[in-house]
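No experiment lies behind these values; they were computed from the predicted model shown. In listed order, ligands and their atoms are each counted from 1.
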Amino acid sequence: MSSVPQTGVVKVGFVGCGGIVQGAHAPNLVQLPNVKLVACADVDRARVSEFLEKYKLNFYSDYREMLSKENPDAVIIATPNALHAPVAIDALENGAHVLTEKPMAISLEDAVKMVETARRRQRILMVGHQMRFLRSTQIGRKFVMNGRLGRIYHIRVLILRRRGIPSTVTFLQRKYSGGGPMWDIGVHTIDATMFMVNFPRPVSAIGKVYSAFSDKTYMRMDYPVPITSQFAYTAPMDVEDFAMGLVRFEDGLTMYIEATWATYINEDRHEVAIIGTEGGLHYSGNSISYIHSVDEEYVTSTPMIGQQQSAYALEDKAFIDAIVKGGAKAPYPACTGEQGLLTTAIIEAIYKSAETGREVSVNIPQWVYESMGW
Ligand SMILES: NC(=O)c1ccc[n+]([C@@H]2O[C@H](COP(=O)([O-])OP(=O)(O)OC[C@H]3O[C@@H](n4cnc5c(N)ncnc54)[C@H](O)[C@@H]3O)[C@@H](O)[C@H]2O)c1
């Protein structure tokens, strides 16, 4: 089966049609002339009824039926995290290109299966790490690739919410989410960092997680007015609210990561420090600074970002454009399956270390590295 639709119009189906699909993917995709939104698979019809009506979508309570009946060219997966891998594999086997939300999977084993399936079926497997589409992230990568930092030896990643525990059960329970803030928000910042520093090879990790606020509803992000009436504040939480990890890479590079949903600090923080022998980068999502020496003086330079289009919209457009052009790999700067796999492996090792109290090796198959680029 050709991977390029003969009509030139890409038929898109959604699996999991909650917040991120209704708030970002669907409104972005409907703007594109070469897209037809055809169907939505979700287990909760009542929750998506307005969405179905708005976009005139066929509804399926079983995504497998959607795949076989609609034969979509592209599938956007935005279910709870634990389902990304099985749905992606089924969609790829059915001949669809896949854009899966982050995290791509909650185990390295599943991520490997996803990448193997995409390669065998010659379909795009792209992971929804939209921070790659920020100008700041691309400027950071450019400075690293052009050698402006010298030899990078340490990275510090902080993504810290003070009172930001989600309320939805699918984020609060391991069987759906895989874990707490490291899988939810840490994953984005680790991916953006790996992209900026050009995917060093992780060797091992140690990690620790803490649950200080599982029963404290006043630490939920929507306190005191719950946004999800169905589960608000009643669903038991069995994932942590604070996770940290220290990762070793080849060539002696280290990366410290801290991700929290709730913690007593004086402000929310989102920052990455990339530290090299000739300069450093300070990144906080939408902005970036380059710190270096000029004539023995310590200087901080702040590149002009200019106009920034919506990163989500750029991501959706890149996915569709690549399909129309007949690509079989996520296009630059999007996160390919192989690249997403690295971040999955790092986070899995952090959690395994937290469980065992030991340093955990990260063992990524060699073939993954051989097809890392775009
Ligand atoms: N890239 C980003 O910035 C970003 C932002 C938000 C969420 N996300 C990711 O998107 C995914 C969804 O998050 P959300 O906030 O939209 O969650 P959500 O709870 O609003 O939506 C999830 C939907 O999946 C449906 N679902 C559950 N089981 C299903 C199944 N077996 N088959 C089909 N549908 C099923 C639910 O009924 C719900 O409608 C998560 O993995 C999350 O990490 C990414």
Side-chain angles (χ1 to χ4, degrees), residues 13-28 39-52 57-67 75-91 98-106 110 126-134 137 159 161 164-192 221-222 226-232 235 239 259 261 270 285-286 310-316 318-319 334-335 340 343-344 347:
F14 299 102
V15 183
C17 305
I20 191 66
V21 161
Q22 298 192 29
H25 294 300
N28 292 337
C40 152
D42 201 292
V43 289
D44 188 344
R45 181 169 190 143
R47 188 164 179 214
V48 300
S49 61
E50 272 180 40
F51 174 68
L52 298 174
L57 301 175
N58 297 329
F59 175 78
Y60 296 85
S61 54
D62 182 341
Y63 75 86
R64 280 167 285 233
E65 196 185 339
M66 180 189 93
L67 293 176
V75 170
I76 311 280
I77 301 172
T79 58
N81 301 347
L83 291 166
H84 295 174
V87 177
I89 290 168
D90 287 343
V98 165
L99 167 53
T100 180
E101 266 307 337
K102 54 75 189 167
M104 73 182 281
I106 54 172
D110 278 354
M126 179 164 154
V127 188
H129 285 303
Q130 73 279 353
M131 282 167 67
R132 304 272 196 104
F133 290 86
L134 295 175
T137 321
I159 175 89
R161 285 189 196 152
I165 300 178
S167 290
T168 322
V169 66
T170 46
F171 287 89
L172 299 180
Q173 297 184 3
R174 190 172 302 272
K175 66 182 175 198
Y176 301 117
S177 63
M182 195 65 87
W183 281 123
D184 180 33
I185 50 180
V187 68
H188 268 313
T189 312
I190 297 170
D191 172 75
M221 70 169 44
D222 49 2
I227 48 172
T228 53
S229 53
Q230 195 182 356
F231 300 113
V239 297
W261 276 339
H270 180 199
N286 280 315
S310 153
Y312 290 105
L314 291 170
E315 173 185 85
D316 286 317
F319 179 54
C335 181
T343 299
T344 307
I347 298 180

Polar proximity ligand 1 side, Q130 side, N/O cut 3.5 Å exclusive: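 Yes.
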H188-ligand 1 polar pair, N/O distance under 3.5 Å: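 Yes, since at least one N or O of H188 sits under 3.5 Å from an N or O of ligand 1.
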Which of these, [options], has its nearest heavy atom closest to [atom]?
atom                    : options             : answer
atom 22 (C) of ligand 1 : A78, G23, G16       : A78
atom 31 (N) of ligand 1 : V48, L83, D184, V21 : L83
atom 1 (N) of ligand 1  : R47, E101, M104     : E101

For [atom], find the nearest protein heavy atom and state the residue, atom name and distance (0.1 Å precision).
atom                    : result
atom 7 (C) of ligand 1  : I20 CB, 3.9 Å
atom 11 (C) of ligand 1 : T79 O, 3.4 Å
atom 13 (O) of ligand 1 : F171 CZ, 4.0 Å
atom 25 (C) of ligand 1 : D42 OD2, 3.3 Å
atom 27 (C) of ligand 1 : P80 CD, 3.4 Å
atom 35 (C) of ligand 1 : V43 CG2, 3.8 Å
atom 41 (O) of ligand 1 : N81 OD1, 2.6 Å
atom 21 (O) of ligand 1 : G18 CA, 3.3 Å

Under the ring-ring contact (aromatic ring centres under 6.0 Å, His included) test, residues paired with H84 that sit two or more places apart: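 So H84 forms no ring-ring contact (aromatic ring centres under 6.0 Å, His included) with any residue.
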How close do [X] and [Y] get, counting heavy atoms only, and between which atoms?
X    : Y    : answer
R174 : V239 : N-CG1, 3.6 Å
C335 : G340 : SG-N, 3.5 Å
G128 : H188 : O-CE1, 3.4 Å
L99  : F319 : N-CZ, 3.5 Å

Exercise: do N81 and Y176 side chains pair donor with acceptor under 3.5 Å: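 There is no such pair (donor and acceptor under 3.5 Å, judged by atom type) between the side chains of N81 and Y176.
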For ligand 1, which atoms sit closer than 4.0 Å to a heavy atom of [X]?
X    : result
A41  : 33 (C), 34 (N)
D44  : 37 (O)
G128 : 1 (N)
H84  : 41 (O)

Within the distance-only criterion (no hydrogens, no angle test), does the side chain of [X] pair as donor or acceptor with the backbone N or O of [Y] below 3.5 angstrom?
X    : Y    : value
Q22  : C17  : yes
S310 : A313 : yes
E315 : Q130 : yes
D44  : R47  : yes
S177 : G179 : yes

With heavy atoms under 4.0 Å as the rule, classify the contact between [X] and ligand 1 as side chain, backbone, both or neither.
X    : answer
H129 : neither
A24  : neither
Y312 : side chain

SB check K102 D191 (cutoff 4.0 Å):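 A salt bridge is absent here (no side-chain N lies under 4.0 Å from a carboxylate O).
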